[in-house]
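Below is one structure, written out as structure tokens; the observations come after it.
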Amino acid sequence: MKTKILHIYLSILIIISVFVFSGLFFRSNIVSNKWNALEINGQINEMVHIGKNIFFKLDTFWFAVLYNPSVYKENLIGCKFQKESKSDYYYIICPDTLLKVWSGGGAVVDDKILLRRIDMALQKKENQLE
């Protein structure tokens, strides 16, 4: 009797694990498809680093890309940010250099909490410069 209950419990656990894993996999695939479909052109007005993301303010909206040390070391304010549709690469075009950076993900920031964190990081950055 106990082995039958154990087999039922394990089979239910395996089925739930398969559903959770497949759901996470398909969600990740959908997010990367949205990243590939984006086409973005704009001038970088602000730049801030939070956690494992770098946030660029392009014209009127914030755009997030995954952390990349070559991007973080440079002062990119005033440079052009360009990403073509169906491409994994984005380009940062400055008057003196051309950076071609590969990123596995990116997104337009529309979360109010994240926008608040960006504002706080910008204020901290301004206080450090003063």
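What you see below is based on every heavy atom in this structure, not just the backbone, and it leaves out hydrogens, waters and symmetry mates.
Every residue two or more places apart in sequence or in another chain that forms a side chain to side chain contact (heavy atoms under 4.5 Å, CB included) with Ile113 is listed here: Asp111. Among residues two or more places apart in sequence or in another chain, the side chain to side chain contact (heavy atoms under 4.5 Å, CB included) test is passed with Ile15 by Phe19. Listed by chain and residue number, Lys4, Ile12 satisfy the side chain to side chain contact (heavy atoms under 4.5 Å, CB included) test with Ile8 (two or more places apart in sequence, or in another chain).
Side-chain atoms of Asn45 and Ile77, non-hydrogen and from C-beta on, never get closer than 4.5 Å to each other. In this structure the side chain of Phe56 never reaches within 4.5 angstrom of the side chain of Ile40, judged on heavy atoms. The closest side-chain heavy-atom distance from Phe55 to Glu46 is not below 4.5 Å.
Screening Ile54, Ile118, Asn53 for a side chain to side chain contact (heavy atoms under 4.5 Å, CB included) involving Val48 leaves a single residue, Ile118.
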Could you tabulate the donor-acceptor pairs under 3.5 Å formed by side-chain atoms of residues 119-127, not counting sequence neighbours?
residue, atom, partner, partner atom, Å
Lys125, NZ, Met47, O, 2.6
Asn127, ND2, Gln123, O, 3.4

